[in-house]
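Data block below; observations after.
On a predicted model such as this, the values are computed, not experimentally measured, just so you know. So that the names make sense, note that chain A is the first sequence line, chain B the second, and so on, each numbered from 1.
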Amino acid sequence: MSSERLLRLYREMYLIRRTEEVIADLYKEQEMRCPVHLCIGQEASPVGVCQELEPADVAFSTHRSHGHYLAKGGSLLALMGELYGRQTGCSAGNGGSMHLIDRAAGFMGATPILGATMALATGAAFATSMRQETRVTVAFFGDAAIEEGVFYESANFAVLKRLPLVLVCENNGLSTCSPLSVRQPPTRTICDMARGLGMTAVSGDGNDVLAVSQLARQAIDIARGGGGPVLIELPTYRWREHCGPGFDFDLGYRHPDELAAWQERCPMQRLVRHMEKTGVADAAALKRCEAEVQQEIDAAVRFARESPYPDESLLLAHEYMP
Amino acid sequence: MSSERLLRLYREMYLIRRTEEVIADLYKEQEMRCPVHLCIGQEASPVGVCQELEPADVAFSTHRSHGHYLAKGGSLLALMGELYGRQTGCSAGNGGSMHLIDRAAGFMGATPILGATMALATGAAFATSMRQETRVTVAFFGDAAIEEGVFYESANFAVLKRLPLVLVCENNGLSTCSPLSVRQPPTRTICDMARGLGMTAVSGDGNDVLAVSQLARQAIDIARGGGGPVLIELPTYRWREHCGPGFDFDLGYRHPDELAAWQERCPMQRLVRHMEKTGVADAAALKRCEAEVQQEIDAAVRFARESPYPDESLLLAHEYMP
Amino acid sequence: MKPRTLRYCQAIHEALDLSLARDPSVYVMGLGVPDPKGVFETTLGLAEKFGSQRVLDMPASENGMTGIAIGSALAGMRPVLVHQRLDFAILAMDQMVNQAAKWCYMFGGQQGVPLVVRMIVGRGWGQGSQHAQSLQSWFAHVPGLKVIMPATPHDAKGLLIAAIEDNNPVISIEHRWLFNIEGPVPEGHYREPIGQARVIRPGRDLTIVAVSHMTIESLRAAEVLAEQGIEAEVVDLRTVRPLDRATILQSIAKTSRLVAVDTGWPSCGVSAEIVALAAEGAWSALKAPPVRVTLADCSSPSTPALARRFFPRVHDIVNAGRRVVGLEPLTERAPAAGDPPADVPDNDFRGPF
Amino acid sequence: MKPRTLRYCQAIHEALDLSLARDPSVYVMGLGVPDPKGVFETTLGLAEKFGSQRVLDMPASENGMTGIAIGSALAGMRPVLVHQRLDFAILAMDQMVNQAAKWCYMFGGQQGVPLVVRMIVGRGWGQGSQHAQSLQSWFAHVPGLKVIMPATPHDAKGLLIAAIEDNNPVISIEHRWLFNIEGPVPEGHYREPIGQARVIRPGRDLTIVAVSHMTIESLRAAEVLAEQGIEAEVVDLRTVRPLDRATILQSIAKTSRLVAVDTGWPSCGVSAEIVALAAEGAWSALKAPPVRVTLADCSSPSTPALARRFFPRVHDIVNAGRRVVGLEPLTERAPAAGDPPADVPDNDFRGPF
Ligand SMILES: Cc1ncc(C[n+]2csc(CCOP(=O)(O)OP(=O)(O)O)c2C)c(N)n1
Ligand SMILES: Cc1ncc(C[n+]2csc(CCOP(=O)(O)OP(=O)(O)O)c2C)c(N)n1
Ligand SMILES: [Mg+2]
Ligand SMILES: [Mg+2]
């Protein structure tokens with residue numbers, strides 16, 4: 001991979017990371033008045049997958065969607081506007097963090113009811129196939145969402161119709177505070193299960209953006225080439241609490257050592273180490289890129305804060321489409 | 001298997017077959033005013049499975065449940081009463097053919113919403129496991145019901161908790177008039193899929209009552225022994241129309257030759273041939289048993305016809321349990 | 001020249017046929033849609049005509065398939081999803097209510113979901129507790145949905161076309177006992193506006209607001225009342241969301257009396273909404289307490305013996321009408337030979353469906 | 001001696017604790033039930049006390065797990081299923097409505113389904129379209145279900161115990177903004193009867209029928225009205241199915257005026273049922289058209305800027321009260337510094353939930 005490409009990967013992961021850190025910092029001001037599910041630590045998945053997509057390809061996500069939205073090219077300004085509940089938000093303030101959309105960027109929508117957007121993504125892929133377009137649809141979701149029957153129903157239809165669909169399961173081992181072991185049998189993996197349904201299924205290091213992008217490349221090729229849906233399972237770890245800006249070690253359901261171990265595998269540091277090892281690291285370029293990103297974020301926060309709230313007269317405005 | 005045992009299998013299949021033939025004949029009188037889904041041709045499954053159950057074991061079923069109800073020991077009188085909409089019916093007339101129950105016989109209930117009773121059966125098995133009882137729960141259903149997400153959700157939980165559950169999928173290749181091919185991918189079998197979920201899954205000739213009972217024996221042993229849920233797939237064929245008393249070759253979705261081929265594999269004739277081959281056939285005994293069954297059925301029809309309808313004052317009586 | 005007539009099921013068929021022909025993004029999907037029974041004839045032959053890509057069967061996966069239909073709508077299609085019974089669509093409440101109904105609003109009005117979900121409501125002939133639910137009030141409760149319940153072949157066609165062309169999710173609830181009724185249906189393309197009720201019979205003494213099959217029964221009841229010298233105005237709701245408040249209130253302003261007749265249950269039902277609307281909005285006009293005619297407040301019994309008391313019938317509407325004008329109820333004559341049984345719409349109706 | 005007080009969430013906890021201790025067939029299951037947050041503290045420590053067999057987490061499979069709970073109930077258990085948001089339970093409508101609600105009836109009264117489903121309703125702090133639905137009218141519509149919506153810690157405990165001991169499926173809808181309110185709660189086992197409303201404040205000028213969190217807001221509104229010389233009687237519904245018609249009608253008979261206040265939407269809502277009931281049953285007593293106070297008729301917006309107009313508040317109830325007694329509405333004073341924002345119940349409430 002070219003060093004520009006690697007730098008771009010770094011930049012996108014850094015954008016997600018810093019955006020969420022800034023959200024976490026500013027959240028305590030109580031101006032962002034909506035539940036936020038941060039994906040800090042999980043940036044390799046959105047960036048690795050989205051960088052392999054064509055511009056016409058589309059993506060859906062769930063409650064933990066900031067990363068997917070940004071990696072797919074969603075507007076940072078509109079994200080911040082949304083978190084601040086402003087008229088300029090990507091959903092005009094009606095959505096909040098759990099309802100992001102940027103249709104121009106091919107980010108079709110994120111909604112927090114577990115599993116639901118898998119079916120929507122399958123339907124978008126179905127539309128593609130009915131119209132004989134070459135677009136691929138991606139659905140991002142977690143290891144709990146896959147427990148919903150709608151996953152199974154969507155998968156069955158996608159396999160039946162050989163739809164150009166890529167399902168990305170970010171397996172952070174947790175549903176809120178509940179470990180995988182109380183939800184899924186230890187005797188089968190998520191990939192086994194998906195293969196049983198007739199899908200191609202692959203697994204790889206979810207904290208290694210290069211590994212992710214390689215898996216994504218293959219999956220996208222299969223899906224686009226008429227080989228039917230592909231599931232990618234990406235083991236990873238969320239650093240912060242399930243919902244909200246903080247850490248949650250006080251709750252006792254996980255030990256700080258666990259985080260420490262995963263921080264060793266920080267997707268951004270891993271990428272930097274890779275760049276160093278392959279001799280393409282450019283500390284100055286990284287610093288520049290970080291500074292640029294920070295400026296973008298600062299501008300977005302300013303933009304959001306200066307944006308007007310939706311007027312009360314708009315309460316009913318968006319209920320129906322003309 | 002002893003000749004008495006074989007004769008009993010014959011008797012039970014004959015009971016189901018004749019009961020349904022009588023229903024089909026009398027249906028045109030328009031006295032049984034409810035949808036009926038006949039299982040003529042599919043008798044080996046209910047009889048083969050139920051004969052391996054202990055009396056304390058329980059079963060659930062769906063819309064096509066006459067066979068399961070009778071094979072589990074459900075009252076013939078109460079079945080006929082129910083079809084005739086009488087107070088003496090197994091559901092006091094409130095249910096009709098699609099809602100059969102005989103709790104004394106361990107037939108926990110049949111309801112026609114596809115897939116729903118799989119979850120109920122899983123729950124009954126869960127209760128068993130919470131109470132550390134040794135009872136096995138069986139769910140009978142068709143090849144379309146397995147397409148419902150509730151199957152997947154139930155299976156996941158049953159595997160997770162290693163529940164004493166046997167799922168019997170009677171695969172007659174049809175959902176109403178729709179072939180399997182428009183509903184499930186040809187690239188995987190139902191057993192593959194179930195195994196992917198972490199279940200033990202086996203398949204066998206659904207028209208051979210001895211084969212069914214052997215599979216059932218193994219499955220029940222595994223389930224009772226703590227080995228978790230087992231799925232049995234039984235390819236078979238329904239002779240009559242999906243719903244109603246007649247044949248439906250006028251519809252054109254299947255050819256009479258198909259029926260003819262399957263009639264060659266009639267589960268009852270197969271058993272008779274087996275008895276002949278092993279030298280335990282006793283034509284007189286079979287005739288006697290048939291005559292007895294016919295008398296039972298005639299008595300049940302008489303009973304139903306002579307039973308009173310529920311009084312209109314009972315309309316609201318059963319809405320809530322005191 | 002006598003206007004052309006069609007049966008209700010043919011009117012639906014014509015709406016689908018026409019819509020498929022006009023717009024390549026329309027497709028029709030549901031269990032049994034392309035099968036030889038064609039969902040009570042409403043989809044008969046359409047797969048042959050438009051291909052199995054556009055008129056298709058599906059797995060028995062109501063929730064997933066609804067989500068798939070919605071997703072395809074987000075990607076530019078106009079799906080029509082069909083359920084042989086409303087009861088089966090209950091599996092898909094999440095996708096219909098959490099996703100389709102909310103999409104436009106929760107994303108700030110950027111994109112509608114042009115989805116139509118047809119649901120058929122069973123009645124009689126042993127359509128028991130899980131095959132006879134008429135849950136329009138659930139859908140009418142939910143912002144973001146539109147809900148049509150045509151009573152005539154004319155409206156069945158015009159409203160379904162309007163639904164397919166609407167940019168929002170529309171639930172179409174079709175009563176099984178309407179499928180064989182015949183009525184004038186214009187040829188070609190036309191839309192009936194969603195959200196407009198219609199005064200289907202004028203009268204001065206009381207207003208009967210009814211919907212779907214109950215509109216037909218109410219017309220019959222109005223005839224019976226007319227024989228007794230009572231002139232009922234019958235308002236056919238046609239749409240239960242959005243509700244045409246103006247037409248309802250106008251009629252009550254004229255007649256001062258209200259009977260609300262619904263195919264569903266009473267508690268929090270459409271009939272409750274109509275009565276509440278009248279109480280709030282036509283208070284000074286009303287001269288007697290309004291009356292609801294609904295299903296009995298219990299699950300649907302299968303036995304025909306209870307059908308007569310469970311389902312509202314002409315007789316019940318007649319007596320409700322008498323009550324609001326201050327007359328005693330009439331006792332019903334005992335069923336006589338030749339009367340259709342209470343669990344079929346007419347003597348020609350045959351089970352098992 | 002001052003009576004012991006508990007917070008609402010503690011009252012629920014005590015009901016569960018007590019029920020688990022009394023009856024080995026009771027078990028509690030739901031996403032996050034045994035986790036360290038304990039479903040807003042309502043299940044905290046119960047897994048430790050009663051074991052993870054009886055107080056357990058589950059896969060994110062709402063429909064299947066509801067069926068599993070029902071199946072276990074058919075086999076003798078008494079499950080309590082918990083959903084952190086009512087919106088998630090929409091996935092399980094089939095099992096709740098097609099199976100649990102119908103079981104007793106469709107099998108002729110042989111067996112009830114002793115299932116309790118707790119559902120929490122979100123409000124404010126960005127609880128958007130998919131996290132703030134208050135769909136009690138759906139459940140209240142359905143024969144076979146019972147639906148409780150306690151407003152006070154006392155009733156939260158007593159009604160939940162009654163629900164667990166009931167032989168029918170009971171839906172318990174708990175409003176998130178109630179969880180921190182404190183009130184007297186008797187020690188030990190007691191049941192509040194399901195299906196009985198309560199006059200929670202007597203008054204002579206108008207009746208406010210309210211439910212859940214709106215009961216608390218209505219009490220506040222009644223105080224404001226009292227300052228204006230208007231004495232409102234507040235009836236806390238407590239149960240929305242079966243409805244306590246007698247208590248409601250009795251109050252209206254006394255006051256002649258009705259305001260119906262609900263946490264849900266208007267169309268076919270519980271408020272519509274209350275108004276319809278009054279119009280039918282208290283016609284001659286009523287001296288003014290009844291008024292509903294409900295959510296705005298749209299999906300829940302996330303932004304706090306719209307929360308003030310979306311959710312009904314004390315001010316809206318006060319004005320509804322004024323209206324039914326024939327007074328002009330008051331314009332609200334502009335929010336002042338120190339006022340809690342409109343999207344939290346009080347200044348102590350902290351996001352993200
Ligand atoms: C249908 C449904 N049930 C429950 C929830 C509550 N909920 C929100 S996020 C979450 C955990 C999801 O875990 P996972 O899918 O693994 O994603 P992660 O949060 O780990 O990224 C739960 C249970 C929900 N949003 N939707
Ligand atoms: C949820 C649901 N969807 C649709 C139906 C309508 N329906 C009744 S029986 C049936 C076919 C079922 O096929 P299968 O499960 O294979 O059983 P079979 O009839 O072949 O025995 C269908 C689609 C239903 N009862 N429930
Ligand atoms: Mg997770
Ligand atoms: Mg089948």
Donor-acceptor pairs under 3.5 Å, chain B versus chain A:
unit_1: B/I146; atom_1: O; unit_2: A/Y152; atom_2: OH; d: 2.6
unit_1: B/G149; atom_1: N; unit_2: A/E153; atom_2: OE2; d: 2.5
unit_1: B/Y152; atom_1: OH; unit_2: A/I146; atom_2: O; d: 2.6
unit_1: B/E153; atom_1: OE2; unit_2: A/G149; atom_2: N; d: 2.5
unit_1: B/N156; atom_1: OD1; unit_2: A/R188; atom_2: NH2; d: 3.3
unit_1: B/N156; atom_1: ND2; unit_2: A/R183; atom_2: O; d: 2.9
unit_1: B/R183; atom_1: O; unit_2: A/N156; atom_2: ND2; d: 3.0
unit_1: B/R188; atom_1: NH2; unit_2: A/N156; atom_2: OD1; d: 3.3

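Here the closest non-hydrogen pair linking B/V182 and A/L160 is O-CD2, 3.3 Å.
Between chain A and the residues B/C191, B/G196, B/G228, the largest count of heavy-atom pairs under 4.5 Å involves B/G196.
Of the atoms belonging to A/I146, heavy atoms from both backbone and side chain fall under 4.5 Å from chain B.
Among residue pairs with one or both ends in residues 153-175 of chain B, those qualifying as ring-ring contact (aromatic ring centres under 6.0 Å, His included) are B/F126-B/F157; sequence neighbours excluded.
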